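Beneath this line is the structure, given in structure tokens, with notes to follow.
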Amino acid sequence: MSAAVRYERSGSIGVITLDRPDNRNSMTPELLDAFSAASAAARADREARVVIVTGNGASFSAGADFKSTLQRDGDNRAPNERSFAMYEPFLSLLDIAVPVIGALNGHAVGGGFGLALVCDIRVANRDARFGANFTKLGIHPGMATTYILPRLVGLPRAAELLFAGRIVSGAEAAELGMVNHAVAEAEVMPRALELAREIAGCAPIAVRWTKHSLYRNYGWDPVSAAEGEAHAQSRTFETEDSKEGVAALLEKRAPVFKGR
């Protein structure tokens, strides 16, 4: 397994660690491939009763790395299928049968915020930044963000956050209901481990079935939502505004959108 993402287990608690702090744990092909492998290892680990997902460094994940090519050379699939494929490795967390805790050590933005949302429980660094800034880049949100976020914070708040591409602190994220707990940076992993141990101390078969029932009864289908988003996202990738938004991000200036 690539060192870009590691899966390790201590006792009954598995940990997936994004380990490209030099690149803010951004979504490069290398990191996404490694995440797929780590997620598969977690799914196959019958000794794990809880899985924690965290990052190394100042960011949990900064989302897409616009300096690299996320879509593979020679990939002849339809644009919406290529768009969905960028998020599929992170969405594989949804296939883990045991509870998944996001230990959000640092900033989680864009696709990195989406990764945080697909965790069952989130413990956040109260001073880090969280949100889906897609519209500030001229891009439609992806990774089921438009599906999950309203279910956490309510439709009006999600509308405001997503329309404005707003980024909030971990402390505000807790107030809004995006995360379960907001603590000091040094306390993120200890708090996540405390929760993991509490859950791991419960009957594992009962916990797995409780997770299954919880989401089934909630009508949970984020993968279909992400597939639907991919259609809109692939269309916005083709606009001049998206090219301007990404260029402005890389050049560290305000974008000038023209609606075309």
Side-chain angles (χ1 to χ4, degrees), residues 1-28 30-62 89-108 111-128 130 170 173-174 178-212 214-215:
M1 185 185 301
S2 168
V5 182
R6 305 189 311 274
Y7 175 71
E8 302 163 308
R9 179 171 50 79
S10 176
S12 57
I13 300 171
V15 180
I16 296 173
T17 305
L18 285 72
D19 195 16
R20 279 291 179 269
D22 55 315
N23 196 34
R24 301 180 300 162
N25 297 319
S26 296
M27 297 165 68
T28 63
E30 177 196 16
L31 185 133
L32 292 173
D33 287 345
F35 194 92
S36 289
S39 178
R43 290 196 304 275
D45 189 349
R46 297 301 178 188
E47 299 301 317
R49 296 187 179 188
V50 183
V51 171
I52 295 173
V53 182
T54 193
N56 184 13
S59 292
F60 176 68
S61 174
F90 281 178
L91 289 170
S92 69
L93 276 190
L94 297 167
D95 297 324
I96 295 178
V98 302
V100 176
I101 299 173
L104 313 181
N105 54 291
H107 311 306
F113 180 62
L115 175 60
L117 293 185
V118 298
C119 296
D120 300 306
I121 299 169
R122 286 159 290 279
V123 179
N125 175 350
R126 66 190 178 204
D127 296 318
F130 301 92
M178 288 185 197
V179 303
N180 299 69
H181 307 278
V183 298
E185 180 181 3
E187 294 302 314
V188 171
M189 196 62 177
R191 182 68 176 120
L193 285 166
E194 179 184 353
L195 285 168
R197 292 187 190 104
E198 182 179 0
I199 294 168
C202 297
I205 296 173
V207 170
R208 285 191 178 94
W209 276 103
T210 299
K211 176 174 175 175
H212 172 79
L214 181 68
Y215 288 115

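Numbering starts at 1 and runs along the sequence shown. Note that the structure is predicted; figures quoted are calculated from it, not measured.
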- Query: Leu115 and Phe35: side-chain contact (heavy atoms from CB on, under 4.5 Å), yes or no, with the steps?
  - Reply: CA-CA 11 Å; Leu115 175 60; Phe35 194 92; 3.8 Å; yes

- Message: For a side-chain contact (heavy atoms from CB on, under 4.5 Å) check, start with the C-alpha distance between Ile121 and Ile199, then their side-chain angles and the critical distance, and finish with the verdict.
- Response: CA-CA 11 Å; Ile121 299 169; Ile199 294 168; 3.9 Å; yes

- Task: Starting from the C-alpha separation in whole Å, work towards a yes-or-no answer on side-chain contact (heavy atoms from CB on, under 4.5 Å) for Arg208 and Val98.
- Result: CA-CA 5 Å; Arg208 285 191 178 94; Val98 302; 3.4 Å; yes

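Leu18 and Ser61 make their closest contact through CD2-CB, 4.1 Å (heavy atoms, listed as atom of the first residue, atom of the second, distance). Considering all non-hydrogen atoms of both residues, Ser26 and Ala62 come closest at OG-CB, 3.8 Å. Counting all heavy atoms, side chain and backbone alike, Ala103 lies closest to Met189 at CB-SD, 3.8 Å. The shortest heavy-atom contact between Ala192 and Ile101 is O-CD1, 3.8 Å. The minimum heavy-atom distance linking Val207 with Pro99 is given by the pair CG1-CG, 3.4 Å. Minimum heavy-atom separation, Tyr7 to Ala48: OH-CB, 3.6 Å.
Annotation: side chain to side chain donor-acceptor pair (under 3.5 Å) contacts of Ser92 (sequence neighbours excluded): Ser39. Shown here are the salt bridge (Lys or Arg N to Asp or Glu O under 4.0 Å) partners of Asp45, two or more places apart in sequence or in another chain: Arg9. In terms of the side chain to side chain donor-acceptor pair (under 3.5 Å) criterion, residue partners of Asp19 (sequence neighbours excluded) are, by chain and number, Arg6, Asn56. Residues meeting the side chain to side chain donor-acceptor pair (under 3.5 Å) test with Ser12, sequence neighbours left out: none. Under the side chain to side chain donor-acceptor pair (under 3.5 Å) criterion, Asn125 pairs with no residue, sequence neighbours left out.
Counting heavy atoms from C-beta outward, Val179 and Phe130 have side chains that stay 4.5 Å or more apart. With a 4.5 Å cut-off on side-chain heavy atoms, Leu93 and Cys119 count as touching. Residues Asp120 and Lys211 form a side-chain contact, since some pair of their non-hydrogen atoms from C-beta on lies under 4.5 Å apart. Side chains of Phe60 and Asn25 form no contact here, defined as non-hydrogen atoms less than 4.5 Å apart.
The only option from Val188, Leu104, Leu195 that meets the side-chain contact (heavy atoms from CB on, under 4.5 Å) definition with His181 turns out to be Leu195.
Under a 3.5 Å cut-off, the side chain of Arg122 and the backbone N or O of Leu117 do form a donor-acceptor pair.
In this structure, Leu193 CG and Ile52 CD1 are separated by 4.0 Å, a value rounded to the nearest 0.5 Å. Atom CD in Glu8 sits 13.5 Å away from atom CD1 in Ile13 (nearest 0.5 Å).
The list of side chain to side chain donor-acceptor pair (under 3.5 Å) pairs with a residue in residues 194-203, not counting sequence neighbours, reads Arg191-Glu194.
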